[in-house]
2 protein chains.
Amino acid sequence: MDKIDKKIIKLLSANARESFANIGKSVDLSAPAIGKRVKQLEEKGFILGYSLRLNHDKLGMTTRAYINLKIHQSSTLRTAYNQIKTFKEVQRCDRVSGEDSLCILAYFKSNKDLVTMLERISQYGVPDTRIILES
Amino acid sequence: MDKIDKKIIKLLSANARESFANIGKSVDLSAPAIGKRVKQLEEKGFILGYSLRLNHDKLGMTTRAYINLKIHQSSTLRTAYNQIKTFKEVQRCDRVSGEDSLCILAYFKSNKDLVTMLERISQYGVPDTRIILES
DNA sequence: TATTTTTTTGTCAATTTTGTCCATTTTTTC
DNA sequence: GAAAAAATGGACAAAATTGACAAAAAAATA
């Protein structure tokens, strides 16, 4: 993990489909050298994968919300965490310090779907919802 | 935006470097057909870009936190939002409904850097911090 | 409704670009 | 200065892109 690897990660973060040859020009290395470094970054687990930045509004996911969940009984936290992570609307689900035990970020087609989700997770605890107005 | 486009987005979300030929096999189309569809998805703004999934722990960003910010005066919200979005540690910064006006997700090398950030944003409002324990 | 016209979307073949392998050379490291 | 690690350049394979054209879908016309 040297300076060049960091630069490669930065460039790939900006555009994960950038060619190794182009990245090479930026860091003054050949394409095969970049290929090998990227492979190593994958093998060593720095790079977990490649994904898309999407316009969720255009895709019809117009309701976005943070939901903090104060778990009823700490014994169910693990179950709640594992379950909620699998919901398709959930983008992130983090165990956090403080009174609220889980912080969930989820995207929905409509407020109706948000309500459905709130009802589903209420079995685990008390949700506190923040609608995202602008990102 | 038909069924095939949705499938393409799903496949590219899982692996943004998947070849068009392989995607084509999954949806029963030729590589050029996929290429054209992807280009359109970009041009029409559904796909905003391609990025990396990283192991931030391995990259030395071991402190992660959600910071809710209750802005002092609503007149400074816009400024705060625009400024905070530019901080390099900030992964997300969303305007949200409710008492807290901003919800920030940020990654840091250490707790010290988190504190530095908290001090910086205190000029705009009162921060309420939730440390991420597990993702 | 039937039929033309237009537009969109696809395929195929050819070309260009990109990725990867290998032998060799260069650079690091101890 | 020897051993190990990393880069290069050329050769080849794989992938992306282009252009010409055909088929299908949508729109317009009679």
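Order of the sequence lines sets the chain letters (A, B, ...), proteins ahead of strands, with each chain counted from 1. Just the heavy atoms: all of them, side chains too, but no hydrogens, waters or symmetry mates, feed the values below.
Other members of a hydrophobic cluster containing A/Val126 are absent, since no ILVMFWY side chain comes under 4.5 Å of it, directly or through relayed contacts.
Both tests pass for B/Arg120 against the ring of B/Phe87: distance under 6.0 Å to the centre and angle within 45° of the axis.
Proximity of a side-chain donor or acceptor of B/Ser19 to a complementary backbone N or O of B/Asn22 within less than 3.5 Å is detected. For A/Arg130 (side chain) and B/Cys103 (main-chain N/O), no donor-acceptor pair under 3.5 Å exists by modelled atom type. Side-chain N or O atoms of A/Lys36 include none that pairs as donor or acceptor with a backbone N or O of A/Ala31 at under 3.5 Å.
Between the CE atom of A/Met1 and the P atom of D/dA6 there is a distance of 14 Å, rounded to whole Å. Between the CD1 atom of B/Ile4 and the P atom of C/dT9 there is a distance of 11 Å, given to the nearest Å. Between the C1' atom of D/dT8 and the NZ atom of A/Lys25 lies a distance of 16 Å, rounded to the nearest Å. Between the NZ atom of A/Lys44 and the C1' atom of D/dA5 there is a distance of 11 Å, rounded to whole Å. Between the C1' atom of D/dA6 and the CD1 atom of A/Ile8 lies a distance of 12 Å, rounded to the nearest Å. Between A/Lys36 atom NZ and D/dA6 atom P there is a gap of 10 Å when expressed in whole angstrom units. Atom CG of A/Asp5 and atom C1' of D/dA5 are 14 Å apart (whole Å). Separating the CG atom of A/Leu41 from the P atom of D/dA6 is a distance of 12 Å, rounded to the nearest angstrom.
B/Ser30 has a side-chain polar atom (N or O) that falls below the 4.0 Å cut-off from OP1 or OP2 of C/dT11. Within the structure, every side-chain polar atom (N or O) of B/Gln40 is placed at least 4.0 Å from both OP1 and OP2 of C/dT8.
The side chain of A/Lys39 has C/dC21 as its nearest neighbour among D/dT8, D/dA6, C/dC21.
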Expected rows: protein N/O vs nucleotides 14-17 of chain D N/O, under 3.5 Å:
| residue | atom | partner | partner atom | Å |
| --- | --- | --- | --- | --- |
| D/dA16 | OP1 | A/Arg17 | NH2 | 3.1 |
| D/dA16 | OP2 | B/Phe20 | N | 2.8 |

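Cluster annotation: B/Phe46 is connected to B/Val27 through the hydrophobic network of ILVMFWY side chains, with a link wherever side-chain heavy atoms come within less than 4.5 Å.
Within a 6.0 Å radius of CG in B/Asn82, more than 12 heavy atoms belonging to other residues, nucleotides or ligands are found.
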